[in-house]
Amino acid sequence: MNLAVIGSGGREHALCYKLRQSKEVKKLYCIPGNAGTKKFADNINQDVSNFEEVYRVLKDKKIDLVIVGPEEPLVNGIVDFLTERKINVFGPNKFSSQLEGSKAFMKNLCKKYDIPTANFGIFDELNTAFNFLEKSELPIVVKADGLAAGKGVSICKSKEEAKTKIKEIIEGKFKSSKKVVLEEFIEGEELSYFCVVDKNTFRFFGSAQDHKRVGEGDTGPNTGGMGAYSPASLLTKKLEEKIIKKIIEPTLKALKEMGNSYKGFLYAGLMIKENEPYLIEYNIRMGDPECQVLMMRLKTSLFDVVKSVINNDLKNLSIEWSDENCMTIVLCSRGYPDKYEKNIEIKNLDKVINDEKNQIFHAGTIEKNKKIFSNGGRVLNVTSLGNNLINTRKKCLYNLNKIGWGDGFFRKDIGWRIIEKK
Ligand code: AMP
Ligand code: GLY
């Protein structure tokens, strides 16, 4: 079979790495890909927001199956577009993608189906939002309704700050929507819970914890993710039963009742408070960088997982995971998540061990004349498997120091909450 992965981040590099291990995958393409995906797939330099052109490329290369990595094309309906044209696609349709594309949609669904989530209000008008704010306790979480590339959520400690954020959203700071969601702040520990879903059933697809803040000790502004590890120590059998019964099953049932079945990866961002799960957000895709650690731990062929979803045969597949833990640390361009420079050469990559326990997944990189240059804020994901998280982190840091990219920075404390508990 010929496959294509859509996207250009570390997540897509990890998907290509894993897919390449299956003999059934004859040709593998990545659209547009990066300097790392090139090792496992043929990159096709095509703008993925132009669905007509993507379709033309898929036909041209005789691609049988497409896996969509990022949220934007999913929310914009790439699955519906390609399915209508008889292409097999792994990913949810436009309707189901509202789980991530519209926080208002997700919150209303939670309310209707009694799914535990933070108390909230949805507003498209300043006065009513401010009235709700007056009656709310602090801190309060202010969220843009639509996609905002990780920049749409603010945890506000004062009403003044909340008013500024509300105003920005209602006045159109984010092109995707002018609605604002005001939400109760839930104090707890975060857990990322992943499933893979077909028309009939779903399977657990790993757990992880990521670190979204730029600074050590989880301080400073939010980023796309500075590092992650898997499995998440927080997840017990009992907690998992609650997540499934109270959150995952009612969500999939709700979508079905609305005439839609879900297909693809589903990522529940949860807050765990007194052993109870609360849904903070849904993502309709794999996490980035969580995907990188999950692909290293996945023992089952990713191609078999994807094929089972396309054939609605997931119930007959058992998905196996390595007992080892995995960590990834993100090497970023200096200045990220604010201003940073691009096009800086990264040397020494060939000096780092590259085997089934250590991988460097590329994110914002580009290859020119056989040299690798930075091309984004998050540049490389230095990833290792190990049998104890402290040693796994040491391996990642050892590899990062070997690269020794002076124009970048990384957090040295990924996994600190659990490592310090030990
Ligand atoms: P989101 O983009 O919705 O995942 O929000 C980004 C981050 O903000 C989350 O990972 C949480 O750390 C935090 N957050 C969002 N909503 C809440 C909430 N209701 N209570 C506490 N923290 C939250
Ligand atoms: N690492 C967070 C995300 O992928 O949304």
Side-chain angles (χ1 to χ4, degrees), residues 7 9-12 14-15 69-72 74-75 99-107 110 115-122 136-157 162 165 169 174 176 180-194 205-214 218-230 232 265-273 276-295 327-330 332 337 361 363 377-378 381 411 414 417:
R11 167 181 50 211
E12 287 74 25
L15 293 172
E71 62 278 15
E72 206 166 307
L74 291 169
V75 168
L99 283 178
E100 178 168 359
S102 167
K103 295 209 189 279
F105 175 88
M106 182 281 258
K107 296 296 281 189
C110 286
I115 295 170
T117 189
N119 292 325
F120 67 100
I122 302 168
S136 302
E137 288 185 20
L138 292 171
I140 185 152
V141 189
V142 180
K143 297 188 175 184
D145 169 46
L147 288 186
K151 297 189 172 69
V153 176
S154 308
I155 295 164
C156 299
K157 294 201 178 76
K165 296 290 176 189
I169 295 170
F174 301 101
S176 50
V180 65
V181 178
L182 300 183
E183 207 173 279
E184 164 204 14
F185 177 80
I186 299 183
E187 183 92 60
E189 273 207 69
E190 282 185 68
L191 167 67
S192 302
Y193 185 88
F194 296 88
F205 205 66
S207 69
Q209 251 180 326
D210 78 336
H211 293 261
K212 288 205 175 82
R213 304 290 200 92
V214 72
D218 294 325
T219 53
N222 257 334
T223 69
M226 298 297 293
Y229 64 91
S230 171
F265 295 124
L266 180 62
Y267 160 178
L270 306 169
M271 194 68 84
I272 313 300
K273 183 182 174 183
E276 287 298 321
Y278 294 84
L279 181 68
I280 294 291
E281 64 162 352
Y282 264 133
N283 295 313
I284 47 144
R285 52 174 171 84
M286 258 291 136
D288 186 345
E290 294 93 326
C291 184
Q292 290 80 314
V293 287
L294 294 177
M295 288 307 110
M327 184 179 287
T328 189
I329 302 181
V330 182
C332 300
F361 295 115
R378 293 194 293 168
N381 308 137
R411 276 182 61 173
I414 301 303
R417 283 178 205 274

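Just follow the structure's listing: the first ligand is 1, and inside any ligand the first atom is 1.
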Trainee: Please could you name the atoms of ligand 1 that A118 approaches to less than 4.0 Å, counting only its heavy atoms?
Mentor: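 Those atoms are 19 (N).
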Trainee: I'd like to know if G224 contacts ligand 2, where contact means a heavy-atom distance under 4.0 Å to any ligand atom.
Mentor: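 Judged by the 4.0 Å heavy-atom criterion, G224 does count as contacting ligand 2.
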Trainee: Can you measure from CD1 (I115) to OH (Y282) and round to the nearest 0.5 angstrom?
Mentor: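 That separation rounds to 5.5 Å.
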Trainee: Counting only heavy atoms not in K107 (residues, nucleotides, ligands), do more than 12 fall under 6.0 Å from its NZ?
Mentor: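 More than 12 heavy atoms, drawn from other residues, nucleotides or ligands, come within 6.0 Å of this atom.
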Trainee: Looking at N283, which atoms of ligand 2 are within less than 4.0 Å of one of its heavy atoms?
Mentor: 5 (O)
Trainee: I need the L99 CG to R285 CZ distance, nearest 0.5 Å.
Mentor: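 Spacing of CG (L99) from CZ (R285) equals 12.0 Å.
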Trainee: Atom CZ of F105 and atom CD1 of I122: how far apart are they, to the nearest 0.5 Å?
Mentor: 11.5 Å
Trainee: Do me a favour and list the nearest non-hydrogen protein atom to atom 1 (P) of ligand 1 with residue, atom name and distance?
Mentor: E281 OE1, 3.5 Å
Trainee: For ligand 2, find out whether one of its N or O atoms is nearer than 3.5 Å to an N or O atom of K212.
Mentor: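 Looking only at distances, the answer is no, because the N/O contact criterion of under 3.5 Å is not met.
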Trainee: So which heavy atom in the protein is nearest atom 2 (C) of ligand 2, and how far is it from that ligand atom?
Mentor: D210 OD2, 3.4 Å
Trainee: Which protein heavy atom lies closest to atom 20 (N) of ligand 1, and at what distance to 0.1 Å?
Mentor: I186 N, 2.9 Å
Trainee: What heavy-atom pair brings M286 and R11 nearest, and what distance separates the two atoms?
Mentor: O-NH1, 2.9 Å
Trainee: As an exercise, identify every atom of ligand 1 less than 4.0 angstrom from a heavy atom of E184.
Mentor: 18 (C), 19 (N), 20 (N)
Trainee: So between I280, V153, I155, whose heavy atom ends up nearest atom 6 (C) of ligand 1?
Mentor: V153
Trainee: For the CD atom of E276 and the NZ atom of K273, what is their distance to the nearest 0.5 Å?
Mentor: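 Rounded to the nearest 0.5 Å, the CD-NZ separation comes out at 11.0 Å.
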Trainee: Would you please determine whether K103 falls within less than 4.0 Å of ligand 1 on a heavy-atom basis?
Mentor: yes
Trainee: When you measure from the heavy atoms of R285 to every atom of ligand 2, does any distance fall below 4.0 Å?
Mentor: yes
Trainee: Where's the contact between E290 and ligand 2, heavy-atom distance under 4.0 Å: side chain, backbone, both or neither?
Mentor: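 The answer is the side chain of E290.
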Trainee: To which protein heavy atom is atom 22 (N) of ligand 1 closest, and what is the distance rounded to 0.1 Å?
Mentor: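 I find the closest protein heavy atom is M271 CE, 3.5 Å.
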Trainee: Counting each atom of ligand 1 from 1 as listed, which ones have a heavy atom of E190 under 4.0 Å away?
Mentor: 9 (C), 10 (O), 11 (C), 12 (O)
Trainee: In ligand 2, which numbered atoms sit nearer than 4.0 Å to a non-hydrogen atom of G287?
Mentor: 4 (O)
Trainee: Decide yes or no on salt bridge (charged side-chain N to carboxylate O under 4.0 Å, His left out) for K143 and E183, but give the supporting numbers first.
Mentor: CA-CA 8 Å; K143 297 188 175 184; E183 207 173 279; 3.1 Å; yes
Trainee: Within a strict 4.5 Å, meaning less than it, do heavy atoms of the V153 and E281 side chains meet?
Mentor: no
Trainee: Which is it for K143 and ligand 1 at heavy atoms under 4.0 Å: side chain, backbone, both or neither?
Mentor: side chain
Trainee: Could you check atom 7 (C) of ligand 1 against the protein and tell me its nearest heavy-atom contact, residue, atom and distance included?
Mentor: N222 ND2, 4.3 Å
Trainee: Do E189 and M271 make a side-chain contact, defined as non-hydrogen atoms from C-beta onward lying under 4.5 Å apart?
Mentor: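 Counting from C-beta outward, E189 and M271 never come under 4.5 Å.
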Trainee: Supply the atom-to-atom distance D210 CG to S192 OG, rounded to the nearest 0.5 angstrom.
Mentor: 5.0 Å
Trainee: Using heavy atoms and a 4.0 Å limit, tell me yes or no: is G225 in contact with ligand 2?
Mentor: no
Trainee: Drop me the distance from R213's CZ to N222's CG, to the nearest 0.5 angstrom.
Mentor: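 The CG atom of N222 is 5.5 Å from CZ of R213, to the nearest 0.5 Å.
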